[in-house]
Amino acid sequence: MNFKRPRGTADILPDDQPYWGKVYNTARKVAHQFGYRRIDTPTFEDTNLFERGVGNETDIVQKEMYSFDDHGGDMITLRPEGTASVCRAYIENGMHNLPQPVRLFYAAAMFRYERPQAGRVRQFHQFGVEAIGDPSPEVDAEVIELGWKYIADLGIKDVTLRINSLGDAEGRADYINDLDKYFLGVVDQLPKVDQDRLKRAPLRVLDSKARETQALADAAPKSVDYITGEAKEHWEVLLVLLDNLKQAYPDFSYTVDHRLVRGLDYYNRTVFEFEPADAGSQGTLIAGGRYDPLMGILGGQETPGIGFAGGLERLIMELKKQELPVKASKGPDVVVVTLGDAGSAGSTLAAGLRAKDISTVLAPKRSMKAQMRYANSQNALNVVILGDREVENGVASVKSLGEGGAQSEVTLDAAAIAEHVRSTGNQ
RNA sequence: GUGGGCGUAGUGAAGAGGUUAUCACGCUAGGUUGUGGCCCUGGAGACGAGGGUUCAAUUCCCUCCGCUCACCCCA
């Protein structure tokens with residue numbers, strides 16, 4: 001019987017960890033720079049949370065959730081996204097009593113039952129931020145800036161930022177109505193996928209991948225022409241704020257894309273997406289938007305919110321594609337090589353070195369040559385050789401594995417050897 | 001759910017209807033007595049599964065399974 005990992009999951013092996021360290025560390029650092037504090041929510045939640053929060057009609061809820069009956073008879077779902085959980089936690093923990101807005105971030109695994117392909121797997125990881133409790137466009141600009149800086153700090157180049165406004169519920173009905181009318185007028189020019197889409201979700205025809213549709217979509221009614229009142233003012237201020245970002249970030253740029261829509265039901269007003277220039281078909285690195293209706297939908301007080309989620313697998317794919325350097329993982333400071341009867345002395349010495357905070361690995365009991373090769377393969381900085389000769393004389397031979405390979409004898413004492421290793425800079 | 005491509009050691013590749021299935025990297029053992037990297041020699045390790053065609057199938061055909069890319073959808 002051969003076990004295999006479940007479809008759409010990955011083993012993240014040691015050689016890949018430097019990439020993961022980079023996306024996590026950069027996320028933490030940037031989030032902190034913007035005053036966002038970490039939140040961790042459970043990996044699974046009440047199924048209803050996602051049905052209501054994400055939207056019953058969405059594909060995520062319709063066919064992509066990992067749901068199951070737990071032993072107590074409750075319906076449980078592995079989270080397919082992070083925002084609903086964070087909002088649940090906000091409500092449940094009474095965070096509306098904190099100074100607003102509350103700035104939160106998370107980095108965690110998400111689960112969706114989908115056919116895997118490039119840039120899409122069933123267990124994936126997202127870095128997400130949420131700013132809850134402030135309706136003003138300054139917060140929209142801040143979240144977008146955060147996404148921009150995250151990508152910039154990762155070193156990823158040639159990313160385009162697209163934004164759009166979906167407006168509020170009132171104007172949206174009119175807009176969708178007109179949009180529907182428009183596409184119906186040219187329905188015979190639409191490919192079949194988009195004819196079907198038009199029936200299901202007229203908005204989604206806008207971001208169709210079909211070339212024929214794209215030309216038609218460019219000429220379609222634009223949602224920004226339908227937004228009015230506060231939503232309109234919000235949008236106009238946001239554009240000014242974004243323009244002003246260029247003062248701090250000379251490279252900053254964005255394009256208003258009337259075809260940009262988002263798949264989740266809870267978005268309103270601002271939506272945005274970061275995408276690499278040479279995007280594959282599942283290339284979106286970060287996507288987000290404002291979700292003012294969500295808190296109410298989840299049964300809390302009406303509370304505005306905005307956030308984004310970034311796909312870590314996709315970010316890492318881009319790091320690799322652009323051949324950006326990551327820190328190689330370091331080898332141990334010391335590999336202890338033993339000969340003859342010195343085996344147990346080597347084990348004791350290794351423990352002594354670790355106790356002194358010297359990272360130390362015991363070479364496997366083989367020939368000396370094999371042990372030296374092993375030390376080299378581990379990228380060790382030093383080997384400490386313990387043979388009968390050394391034990392007799394109460395010393396250890398400490399050899400640097402660098403270019404020179406300097407070797408000296410040091411008193412057989414963990415503290416003394418630790419000191420020697422430290423002082424020669426080979427730590 | 002739909003469609004395309006692909007399944008040969010741990011990894012990446014080569015291969016032919018017919019003796020021991022090839023190569024590289026990796027792993028492992030050696031190459032002077034107690035010293036790594038480079039080099040040399042040896043060793044272990046593979047035809048996804050099941051049917052069919054054939055004297056003979058890892059090779060041809062079918063089914064299944066898996067991987068992969070794309071659609072759908074999305075981070």
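In what follows, chains are A, B, ... by sequence order, proteins preceding strands, each numbered from 1.
Side-chain nitrogen and oxygen atoms of A/Q117 include at least one within less than 4.0 Å of the OP1 or OP2 phosphate oxygen of B/A70. Taking side-chain N and O atoms only, A/Q282 has a distance below 4.0 Å to OP1 or OP2 of B/C71. Residue A/R366 places at least one side-chain N or O closer than 4.0 Å to OP1 or OP2 of B/A29. In this model, the phosphate group of B/C69 is not approached by any side-chain N or O of A/S281 to a distance below 4.0 Å at OP1 or OP2. A sub-4.0 Å separation between OP1 or OP2 of B/C27 and a side-chain N or O of A/R373 is absent. Within the structure, every side-chain polar atom (N or O) of A/K209 is placed at least 4.0 Å from both OP1 and OP2 of B/A70.
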Short N/O separations, protein against nucleotides 7-10 of chain B, under 3.5 angstrom:
none

Between the protein and nucleotides 45-49 of chain B, which nitrogen or oxygen pairs are less than 3.5 angstrom apart?
none

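Using C1' as the reference atom, B/G43 and B/C62 are 40 Å apart when rounded to the nearest Å. For the C1' atoms, the distance linking B/U54 with B/A14 amounts to 26 Å, nearest Å. Rounded to the nearest Å, the gap between the C1' atom of B/A46 and that of B/C23 is 14 Å. Across the P atoms, B/A70 and B/C27 are found 34 Å apart, a figure rounded to whole Å. Taking atom P on both nucleotides, B/G50 is separated from B/C25 by 34 Å, rounded to a whole Å. The gap from the P atom of B/G10 to that of B/C64 amounts to 27 Å, rounded to the nearest Å. Comparing the C1' positions of B/A13 and B/C65 gives an interatomic distance of 24 Å, to the nearest angstrom. Nucleotides B/C47 and B/G12 place their P atoms 16 Å apart, quoted to the nearest Å.
In this structure, A/R120 places its CZ atom 10 Å from P of B/C72, rounding to the nearest Å. One can place CD of A/Q378 at 21 Å from P of B/U35, the figure rounded to the nearest angstrom. Regarding A/L401, its CG atom lies at a distance of 11 Å from the P atom of B/G36, rounded to whole Å. When rounded to the nearest whole Å, the span between NZ of A/K369 and C1' of B/G37 equals 11 Å. Going from atom CD1 of A/I316 over to atom C1' of B/A75 covers 13 Å, rounded to whole Å. A/L203 has its CG atom 17 Å from the C1' atom of B/C72, to the nearest Å.
Under the 6.0 Å cut-off for aromatic ring centres, A/Y175 and A/Y226 qualify, their centroids lying closer than that.
Nucleotide B/C6 has B/G66 as its partner under the Watson-Crick or G-U criteria, with both atom distances under 3.5 Å. Taking a pair to require two hydrogen-bonding distances under 3.5 Å in either a Watson-Crick or a G-U wobble arrangement, B/G37 remains unpaired. Of the nucleotides present, none pairs with B/C72 by Watson-Crick or G-U wobble criteria with both distances under 3.5 Å. Under the Watson-Crick or G-U wobble criterion, with both distances below 3.5 Å, B/C60 is paired with B/G52.
For A/R112, taking side-chain heavy atoms from C-beta onward, the closest of the listed nucleotides B/A75, B/C67, B/G34 is B/A75. The A/Q407 side chain lies nearest to B/U35 when the options are B/C71, B/G31, B/U35. The side chain of A/R115 lies closest to B/C71 when the candidates are B/G34, B/C72, B/C71.
Aromatic stacking is not marked for A/Y374 over B/G36, as the cut-offs of 5.5 Å for the centres and 30° for the planes do not both hold.
Residue pairs satisfying the ring-ring contact (aromatic ring centres under 6.0 Å, His included) criterion with at least one member in residues 380-414 of chain A, sequence neighbours excluded, are absent.
Annotation: A/Y113, atom OH; neighbour count of heavy atoms from other residues, nucleotides and ligands within 6.0 Å does not exceed 12.
No side-chain donor-acceptor contact under 3.5 Å links A/D257 and A/T255.
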